[in-house]
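In the text below, chain A, chain B and the rest are named by the order of the sequence lines, each starting its count at 1. The figures that follow rest on heavy atoms only: side chains count, while hydrogens, waters and symmetry mates do not.
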2 protein chains.
Amino acid sequence: MPDSLRQFKADIFQALAHPTRIAILEFLSEGELSAGALIEKLGMEQANVSQHLAVLRAKQIVVNRKAGNQVFYSIRDPTIGKVLALMRKYFHAQLKETIGMLDEMEHTR
Amino acid sequence: MPDSLRQFKADIFQALAHPTRIAILEFLSEGELSAGALIEKLGMEQANVSQHLAVLRAKQIVVNRKAGNQVFYSIRDPTIGKVLALMRKYFHAQLKETIGMLDEMEHTR
DNA sequence: TCAGTATATGCGAAGATGCTAATATAACGG
DNA sequence: CCGTTATATTAGCATCTTCGCATATACTGA
């Protein structure tokens with residue numbers, strides 16, 4: 001695989017590599033939301049959220065639609081949602097494994 | 001979802017957010033490899049590859065096994081491989097969309 | 001024990017990222 | 001046109017990341 005493809009993937013992962021942006025995508029995975037609605041749900045500075053949205057826009061992970069005064073955001077490709085779902089699964093697997101290890105330690109103590 | 005979970009996911013994505021580390025994982029997805037083999041396949045500085053491996057180790061994305069002189073690495077959870085496969089699919093979808101746009105521009109020119 | 005091979009780690013420079021505060025742009029109602 | 005609301009952008013600072021270089025550690029065979 002050419003390095004440019006890997007760079008592309010790395011860029012997408014980089015865009016996902018922030019808790020706030022993950023939160024934004026999780027909210028958006030349930031449907032379109034205005035920037036203001038996101039700001040309220042996240043409870044963060046307006047400028048900060050706007051910057052995170054800019055990152056997601058730059059990588060074309062989200063698209064926006066202007067409606068009068070407001071800007072509505074949505075996830076462009078549902079595959080991104082699947083990636084997040086897989087990560088959830090991954091997290092659970094890791095958690096179970098950790099618990100299993102703790103269990104074993106408990107028994108062999 | 002609590003923020004700690006999002007932080008966890010973000011940390012994993014951060015670990016994936018580098019072309020070299022993606023290359024490493026792609027090589028490892030075909031099976032266990034020694035650090036030396038990876039260095040050769042990647043054609044990069046030994047110390048650099050070792051640092052990237054350290055990042056992947058820290059997030060427990062890869063595990064290592066010592067065998068005499070060498071250290072063999074492998075992917076701990078195949079879910080990570082699935083995430084990479086999904087990203088490949090995502091890339092193709094994006095590519096197709098871009099080509100489609102170019103096509104349209106061509107026709108309406 | 002010593003030389004050689006394989007791998008990891010520490011350090012400093014250069015660049016990227018994320019935050020806050022301030023400011024800019026755009027659309028609306030009056 | 002004016003003030004207000006919604007959103008984006010800029011600037012400055014602190015922190016993190018990545019790299020190359022040097023060095024450390026660990027194992028092997030003589």
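- Among residues two or more places apart in sequence or in another chain, the salt bridge (charged side-chain N to carboxylate O under 4.0 Å, His left out) test is passed with Glu40(B) by none.
- Within residues 36-53 of chain B, the residues having any heavy atom under 4.0 Å from DNA chain C are, by residue number, Gly36(B), Gln46(B), Ala47(B), Ser50(B), Gln51(B).
- Under the salt bridge (charged side-chain N to carboxylate O under 4.0 Å, His left out) criterion, Arg88(A) pairs with Glu26(A), sequence neighbours left out.
- A heavy atom closer than 4.0 Å to some atom of DNA chain C occurs in Asn69(B), Gln70(B), Val71(B), Tyr73(B), these being the qualifying members of residues 65-76 of chain B.
- Here ring-ring contact (aromatic ring centres under 6.0 Å, His included) pairs that include residues 64-84 of chain B, with residues two or more places apart or in two chains, number zero.
- A donor-acceptor pair is defined here as one N or O able to donate and one able to accept, closer than 3.5 Å; no such pair exists between the side chain of Arg57(B) and the backbone of Val63(B).
- Annotation: ring-ring contact (aromatic ring centres under 6.0 Å, His included) contacts involving residues 31-68 of chain A, sequence neighbours excluded, comprise His18(A)-His52(A).
- Residues Asn48(B) and Thr20(B) are not in side-chain contact: their nearest non-hydrogen atoms beyond the backbone lie 4.5 Å or more apart.
- The cluster map of Ile, Leu, Val, Met, Phe, Trp and Tyr, joined by side-chain heavy atoms under 4.5 Å apart, puts Phe13(B) and Val55(A) in different clusters.
- In this structure, Ile12(B) and Val83(B) have side chains that are not in contact, with every pair of non-hydrogen atoms separated by 4.5 Å or more.
- Protein chain B touches strand DNA chain C; the 5'-most and 3'-most nucleotides with an atom under 4.0 angstrom of its non-hydrogen atoms are dT5(C) to dC11(C).
- Contact check for Arg76(A) versus Val62(A): no side-chain heavy atoms found under the 4.5 Å cut-off.
- You can see that DNA chain D meets the heavy atoms of chain B within a 4.0 Å-exclusive cut from dT18(D) to dT28(D), reading 5' to 3'.
- In this structure, the side chain to side chain donor-acceptor pair (under 3.5 Å) partners of Thr79(A), at least two apart in sequence or on a different chain, are Asp77(A).
- Contacts between residues 4-15 of chain B and DNA chain C, defined by a heavy-atom separation below 4.0 Å, involve no residue at all.
- Residue pairs meeting the salt bridge (Lys or Arg N to Asp or Glu O under 4.0 Å) criterion with at least one member in residues 41-55 of chain B, sequence neighbours excluded, do not occur.
- A distance of 5.5 Å separates CG in Leu56(A) from CD1 in Ile24(A), rounded to the nearest 0.5 Å.
- To the nearest 0.5 angstrom, Lys82(A) atom NZ is 13.5 Å from Lys82(B) atom NZ.
- Under the ring-ring contact (aromatic ring centres under 6.0 Å, His included) criterion, Phe27(A) pairs with no residue at all, not counting sequence neighbours.
- Tracing side-chain contacts under 4.5 Å through hydrophobic residues (I, L, V, M, F, W, Y), one reaches Val71(A) starting from Met44(A); they form part of the same cluster.
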